[in-house]
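Following: one structure in structure tokens, then a few remarks.
Any value given below was found using the heavy atoms of this structure, including those in side chains, with hydrogens, waters and symmetry copies removed. The structure displayed is predicted, hence computed values, not measured ones.
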Amino acid sequence: MKITVRLLAVLLLLVLAAGNTIAQDPKKESETAAINAEKLKILKKERATLDVKMFKTRIYLIKSDRELAKIHDDIMYLHKKLAILLDRKPQMKRLAVKSRQLDEKIKELTPKKDGKKK
């Protein structure tokens with residue numbers, strides 16, 4: 001019997017807690033959404049600033065550390081070699097031609113800043 005009463009009390013508390021979260025004031029929800037939007041904006045700005053700082057730090061570290069510079073140079077060499085070998089493949093040649101054709105069509109349809117088409 002004591003267990004049943006306790007279970008009912010716990011269930012009642014859960015129901016009351018759920019009811020409180022569901023039936024919130026719409027004005028308060030709107031204010032919370034606005035506050036969260038502002039916080040999100042600030043966090044995104046901080047993240048962008050941090051990304052730039054990380055990028056600059058990577059560059060500095062690569063330039064100042066011989067081992068990192070060597071690895072970077074090796075990667076750049078391999079990346080260039082990979083690009084050259086890939087570009088020789090017929091499938092990539094066809095895709096590159098299609099890409100250039102699309103770029104030309106986009107260029108033709110893109111208005112200039114003065115309102116005329118290019």
- Message: Nearest 0.5 Å, please: how far is NZ in Lys89 from CG in Asp87?
- Response: 11.5 Å
- Where do Asp65 and Leu68 come nearest, in terms of heavy atoms and distance? OD1-N, 3.0 Å
- Message: Side chains of Tyr60 and Lys56, heavy atoms from C-beta outward: is any pair under 4.5 Å?
- Response: no
- Is there any salt bridge (Lys or Arg N to Asp or Glu O under 4.0 Å) pair reaching into residues 67-77, and which pairs are they, with sequence neighbours excluded? Lys70-Asp74
- Are Ile71 and Met76 co-members of a hydrophobic cluster defined by side-chain heavy atoms under 4.5 Å apart? yes
- Once you round to the nearest 0.5 Å, how far does CD of Glu29 lie from CG of Asn36? 11.5 Å
- Item | Pairs involving residues 34-47, ordered by first then second residue, that meet salt bridge (Lys or Arg N to Asp or Glu O under 4.0 Å) (sequence neighbours left out) | Arg47-Asp51
- Roughly how far, to the nearest 0.5 Å, is the CG atom of Leu85 from the CE atom of Met92? 12.0 Å
- Query: Of the non-hydrogen atoms in Lys93 and Arg88, which two are nearest, and what is the gap between them?
  - Reply: CE-O, 3.4 Å
- Start with the C-alpha distance between Lys107 and Thr110, add both sets of side-chain angles, then the distance that settles side-chain contact (heavy atoms from CB on, under 4.5 Å), and finish with yes or no. CA-CA 5 Å; Lys107 186 178 177 182; Thr110 302; 5.6 Å; no
- Can you tell me how far OG1 of Thr49 sits from NZ of Lys53, rounded to the nearest 0.5 angstrom? 10.0 Å
- Item | Single hit among Leu50, Val52, Thr57 for side chain to side chain contact (heavy atoms under 4.5 Å, CB included) with Met54 | Leu50
